[in-house]
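Data first, discussion second: the structure below is written as structure tokens.
Starting from 1, each residue takes its place in the sequence as its number. Note that the coordinates shown come from a computational prediction; the quantities given were computed from them, not determined experimentally. We count ligands from 1, going down the list as the structure has it; atoms in each ligand are counted the same way.
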Amino acid sequence: MDNSLKWQRVRFMPNIPLGKDRQYVTGSQEHIDLSRQAAQEGMVLLKNESGILPLLRGQKIAVFGIGQIDYAKGGGGSGFTYTAYSRNIAQGLEIKEKEGKVRLYHPLTFFYREEAAKQLETAQTLGKEIYQGMLSEPEIPKDMIREAASFTDHALLVYSRFSKEGYDRTGDPYDGDFYLSKEEEQLLQEVRKSFRHIIVLLNTGGIMDVSWFQNDPCIEGVLLLWQAGMEGGLAAADLLTGDVNPSGHLCDTFAASFNAYPYASHFSDSPDYVEYTEDVFVGYRYFETFPEAKAQVCYPFGYGLSYTAFEISPKDFSETEQEYVVDISVRNTGDRSGKEVVQLYAESPEGILGGPARILIGFQKTRLLEPKEEERLQIRFNKYQLSRYDDLGKVQKSAYLLEKGTYHFFVGENVRDAVIVAGSLQIEETELVEQLSERCKPRRLRERLTYSGETELLPTDEAAPLPAYEPELCPGEEETPDEVPWKEVKRWKLLSEDRPVQLIDVYEGRIGLDQFLSKLSLEQKISLLGGQPNRGVANTFGFGNIPYFGVPNIMTADGPAGLRIQPEAGVNTTAFPCETLLACTFNEELMSEIGEAVAMEAKENGIGIWLAPAVNIHRNPLCGRNFEYLSEDPLLAGKMAAALVRGLQKQGVSASVKHFACNNKETNRKESDSRVSERALREIYLKAFEICVKEGQCWSIMSAYNLLNGVRCSENRDLLTGILREEWGFTGVTESDWVTHGLHEKEVLAGNNIKMPCGRPNDLLQRVLAGSLSEKELEDAAGNVLKLILKIY
Ligand code: BGC
């Protein structure tokens, strides 16, 4: 069989291995090694007093906390990945013990293993759903602590956290989520009493309280593991023992309390809406701008320690017609090899619009530098990145402007320490960078924070109606299409002379797409705008599926922490670390490699579109899906996601960049209205999507469940057509999130091309017959779907 045949894998799912020597790439050692490498690069060393880390060879340690067994490799819901195994912290350290690098106090690990098994059994008996990272911290026998303390004076303390889509986290004291639980707190106190040296490991998908260890002299080392994929336990051990030097840097600000985050306590004001009152002052843009907030930061954005030291020196600042280029030298001045992350920040003049004190405008990660070795890096940026959007017309309405004044550029290894001057730029007169028009304007956002620290009132229109609640139509109900029966698909005959026109004829240039479309019946065109039934190992449905005209049924599968295939299909895939960890690698090349690896797994399994990356902004630490998202910073999120998309699409597998847009809260996610100014929308919340379109050339985008300024995202023409296509030039496919509350015809009219996981073909047909939806609109959407299918391997 010829593997190069177009759509052979998506149509027949032949399950032929794609690796070297006909080995499977899915869940292969090579991919698992890549997952481990990513985990090593994205874990962040937060604290390392008196050089407690890396551990000395043969160091005796006592490991506390049920998290060492109950390790969460990722979060739950569609972001979960089924794997052959997941290596927890205890197992990772046991491997190092065999290599003579550490000595463990075993009775503790036995105790936690037994305890975890007991808790799981009880949960099972009670029929309680339980995931990794959810077990409670047991009380530990006092004599066991005493005995452990006579074995060693080094304790390791592991805390794990779990979250999943559909729910938000909690930020109340002692809840065991943002804050430690009572039991965790108690364990900490016990350990503090008996051990001189304490190292903490945090296995979490989102921000947690860090104030309890930042200034505690007893806690000398802290490693933020995040949810690090299937080899996270081993990757953590690699870093603890110094086999690998940490090089992860924070993609979010870690502040002293939950309430220190901008408008944090308003996150749960209402299940029906969220007011983005902090406006563009999200994450470090808030903390670095306002002095009282600045004092609340424990670990700033971009922060991360290494076992070696680096010297960063800017060498040149130059200007070309299109962009500015900063040339930087990085030298390893310590005595271990390591990688450094260089970050470039801009400080803009206050101007009339005002803005955050600092914004990230570029970054680069070095290769592994040996002691004394130097690398020269170039970071590029342009005026568009420095400009601000004037949504109220204070200078020029609906325009991106470069305000006059002096712009200063700083490099360094985190937002706070970036004090090395890389250059400056004098703008004599305010420049128009891009004139746009008003889109998605807020109607119910009453005020927003400004640069001066005051809030400014915004024009509102409370009378603007909110969309009615539309009933859900779940897959399996009346309109889920059936797979076309065999008898109607004379597959082999289609290849003979008397075949009707086929989509492959378009691919091979025999006819144009318009001509092909003209052969399809109205019903067939409509069917392209709704999801199609699962085939093979897929569980999230497909699209396409007109066998008579050779249109394959292209299957989707979830992400973003690997390819998600249900266990009953009998395929184990590779679980990569959660996206938040990946963002902390600051390594675009690594992202592309992961994209390519997932693409190969998708291809091997006949999947054509991976429902990832997810690029929503970490607006508030409690969003239950933050683990699936990259960062509080849109440039970092956008660049890293675009790199992933490029790797993926290089192999002919489509990304589905999600959730467009402002899906930053999970409670009542299908009916919650995100109320946000047009400026914050453009400068913060849409930016990562824009980068994925313009730099990643992504083929597909998934619209979000929630409402944006009173309009459902899937029915939002300003968003899906105005901004996405008319402004950014997107030519791909937009699909809805799964089972939205939107009406199918409204979604089509807004520019949402496919309703997933199934459409409402009868409704669309009625609309066309009634004249409220034109065939042209249907054809445009169907054409986009076919164009996407033509790009798939
Ligand atoms: C999630 C999406 C996911 C889809 C398919 C939805 O619930 O919001 O992110 O891709 O399900 O599983």
Row check, Phe80 ring normal vs Lys164 NZ/CZ: under 6.0 Å, within 45°: no
Is the closest heavy-atom distance from His659 to ligand 1 below 4.0 Å? yes
Atom 5 (C) of ligand 1: the protein heavy-atom neighbour that sits closest, reported with distance to 0.1 Å: Asp558 OD2, 3.1 Å
Counting from 1 in the order shown, the ligand 1 atoms closer than 4.0 Å to a non-hydrogen atom of Ser78 are 1 (C), 2 (C), 3 (C), 9 (O), 12 (O)
With a 4.0 Å heavy-atom cut-off (strictly under), which part of Arg564 contacts ligand 1: side chain, backbone, both or neither? neither
Is Glu628 in contact with ligand 1, taking contact as a heavy-atom separation below 4.0 Å? no
Among all protein heavy atoms, pick out the one at the shortest distance from atom 4 (C) of ligand 1; state its residue, atom name and that distance to 0.1 Å. Asp737 OD1, 3.6 Å
Polar proximity ligand 1 side, Glu165 side, N/O cut 3.5 Å exclusive: yes
Side chain of Asn553, backbone of Pro533: donor and acceptor closer than 3.5 Å? yes
When you look at NZ of Lys687, are more than 12 heavy atoms from neighbouring residues, nucleotides or ligands closer to it than 6.0 Å? yes
Looking at ligand 1, is there an atom of it that comes within less than 4.0 Å of some heavy atom belonging to Met702? yes
Between His744 and Arg760 (side chain of the first, backbone of the second, donor and acceptor by atom type, cut-off under 3.5 Å), is there such a pair? yes
Would you mind telling me if ligand 1 is within reach of the side chain of Arg625, the backbone, both or neither, using heavy atoms under 4.0 Å? side chain
Checking Glu165 against Tyr167: is there a side-chain donor and acceptor pair closer than 3.5 Å? no
Are the aromatic ring centres of Tyr629 and Phe627 under 6.0 angstrom apart? no
Mark up the atoms of ligand 1 that fall under 4.0 Å of a heavy atom belonging to Thr540, in ascending order. 5 (C), 12 (O)
Given side chains that start at C-beta, do those of Tyr276 and Tyr685 come closer than 4.5 Å, heavy atoms only? yes
Do Asp737 side-chain atoms and Ser703 backbone N/O form a donor-acceptor pair below 3.5 Å? no
If you count the atoms of ligand 1 from 1 in the order shown, which ones are under 4.0 Å from a heavy atom of Lys658? 2 (C), 3 (C), 9 (O), 10 (O)
